Amino acid sequence: MAEYTATIQWCRHEGEAFSDNRYSRAHEWLFDGGVTVPASASPHIVPLPYSVAENVDPEEAFVASLSSCHMLVFLGIAAKRRYVVDRYEDEAIGVMAENEAGKLAVTRVTLRPRVVFSGDRRPSPEQIEKLHHLAHEECFIASSVLTEVVTEPRF
């Protein structure tokens with residue numbers, strides 16, 4: 001078992017009324033290793049200037065998390081099979097749509113990885129597809145998509 005933490009910080013800017021819904025959604029994600037990520041609501045959800053297009057939004061982070069997990073598992077499987085991976089790139093796409101309950105959700109994430117191998121032992125296209133299938137089956141994040149979410153307010 002392991003626990004993972006993130007601290008999310010937002011503060012109302014001086015002079016913003018807040019109750020008129022005209023406030024900045026810019027905030028920060030702080031991680032235990034010392035990395036701080038500028039975050040915001042997506043401009044697709046909250047119009048500019050109340051969102052920040054340059055910042056990472058939760059939907060992008062969700063897609064990146066799935067892609068990153070898949071890649072890390074893929075690399076581990078490839079290494080165990082003695083393939084040498086030189087480069088891995090994934091231009092992943094997430095789609096926001098109404099789900100079966102009529103709520104907006106990221107309903108589909110398509111991973112589009114491109115992997116470059118080197119060395120004498122290189123997998124065939126069929127073997128690469130199998131590696132990706134195994135990576136998907138073993139990805140912790142993909143297995144967690146229906147995870148229970150618990151809210152514990154602190155005062």
Side-chain angles (χ1 to χ4, degrees), residues 1-78 85 87-116 125-155:
M1 294 271 284
E3 288 187 349
Y4 301 91
T5 62
T7 300
I8 312 304
Q9 293 181 342
W10 173 88
C11 183
R12 182 173 59 89
H13 295 137
E14 189 173 324
E16 288 181 330
F18 187 77
S19 59
D20 64 358
N21 214 27
R22 295 179 183 200
Y23 59 91
S24 175
R25 275 40 167 217
H27 58 284
E28 295 180 328
W29 300 342
L30 294 86
F31 296 97
D32 60 1
V35 172
T36 299
V37 176
S40 175
S42 168
H44 297 290
I45 307 298
V46 176
L48 299 170
Y50 307 112
S51 61
V52 182
E54 296 82 19
N55 292 9
V56 177
D57 62 62
E59 298 80 9
E60 291 171 323
F62 180 69
V63 172
S65 180
L66 284 163
S67 176
S68 181
C69 183
H70 181 91
M71 179 198 70
L72 293 168
V73 174
F74 181 94
L75 294 175
I77 294 169
V85 177
R87 182 174 172 79
Y88 183 110
E89 181 178 310
D90 184 4
E91 295 178 2
I93 299 173
V95 176
M96 178 86 76
E98 278 191 15
N99 65 14
E100 293 173 2
K103 300 216 177 239
L104 276 180
V106 178
T107 58
R108 182 181 177 100
V109 173
T110 302
L111 304 180
R112 301 182 313 154
R114 177 174 289 135
V115 185
V116 177
E126 294 78 21
Q127 289 169 317
I128 292 171
E129 285 184 20
K130 184 175 181 181
L131 291 171
H132 282 298
H133 177 76
L134 291 170
H136 176 72
E137 292 295 315
E138 296 301 321
C139 172
F140 308 138
I141 304 302
S143 297
S144 301
V145 173
L146 298 177
T147 296
E148 175 185 12
V149 177
V150 177
T151 303
E152 297 178 343
R154 294 181 305 151
F155 302 98

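Model, not experiment: these values are computed from the prediction.
- Taken to the nearest 0.5 Å, the CD atom of Glu59 stands 5.5 Å off from the CD1 atom of Ile45.
- Contact between Ala135 and His70 at its shortest, heavy atoms only, is CB-CE1, 3.6 Å.
- Taking all atoms of both residues into account, the shortest heavy-atom contact from Cys69 to Cys139 is SG-SG, 2.6 Å.
- Considering NE2 of His44 and OG of Ser51, their distance stands at 9.5 Å, rounded to 0.5 Å.
- Atom CG of Asp90 sits about 5.0 Å away from atom CG of Leu111, to the nearest 0.5 Å.
- Rounded to the nearest 0.5 angstrom, Glu98 CD and Leu104 CG are separated by 6.0 Å.
- Ring pair Trp29/His27 is tilted by interplanar angle, where 30° to 60° counts as tilted.
- Atom CD of Glu60 has more than 12 heavy atoms from other residues, nucleotides or ligands within 6.0 Å.
- Summarising the geometry, atom CD belonging to Glu138 is positioned 13.5 Å from atom CG belonging to Leu72; distances are rounded to the nearest 0.5 Å.
- Nearest heavy-atom pair, Ala105 versus Asn99, reported as atom, atom and distance to 0.1 Å: CB-ND2, 3.9 Å.
- Checked against ring pair (Phe, Tyr, Trp, His ring centres under 6.0 Å), Tyr50 has no partners two or more places apart in sequence or in another chain.
- Nearest heavy atom pair, residue Ala53 against residue Leu48, reads N-CD2, 4.0 Å.
- Annotation: Phe31, atom CZ; neighbour count of heavy atoms from other residues, nucleotides and ligands within 6.0 Å is above 12.
- With sequence neighbours excluded, no residue forms a ring pair (Phe, Tyr, Trp, His ring centres under 6.0 Å) with Phe62.
- A donor-acceptor contact shorter than 3.5 Å links the side chain of Arg112 to the backbone of Glu91.
- Under a 3.5 Å cut-off, the side chain of Glu16 and the backbone N or O of Ser24 do form a donor-acceptor pair.
- Interatomic distance, Ser68 OG to Tyr88 OH, rounded to the nearest 0.5 Å: 9.0 Å.
- Put simply, the side chain of Ser67 never gets that close to the backbone of Val63: no donor and acceptor are under 3.5 Å apart.
- Across all their heavy atoms, Asp57 and Pro43 have their closest contact at OD2-CD, 4.5 Å.
- Environment of CZ in Arg108: sparse, with no more than 12 heavy atoms of neighbouring residues, nucleotides or ligands closer than 6.0 Å.
- Counting all heavy atoms, side chain and backbone alike, Ala41 lies closest to Val46 at CB-CG2, 3.6 Å.
- Without hydrogens or angle criteria, Arg87 side chain to Val85 main chain gives no donor-acceptor distance under 3.5 Å.
- Annotation: Glu100, atom CD; neighbour count of heavy atoms from other residues, nucleotides and ligands within 6.0 Å does not exceed 12.
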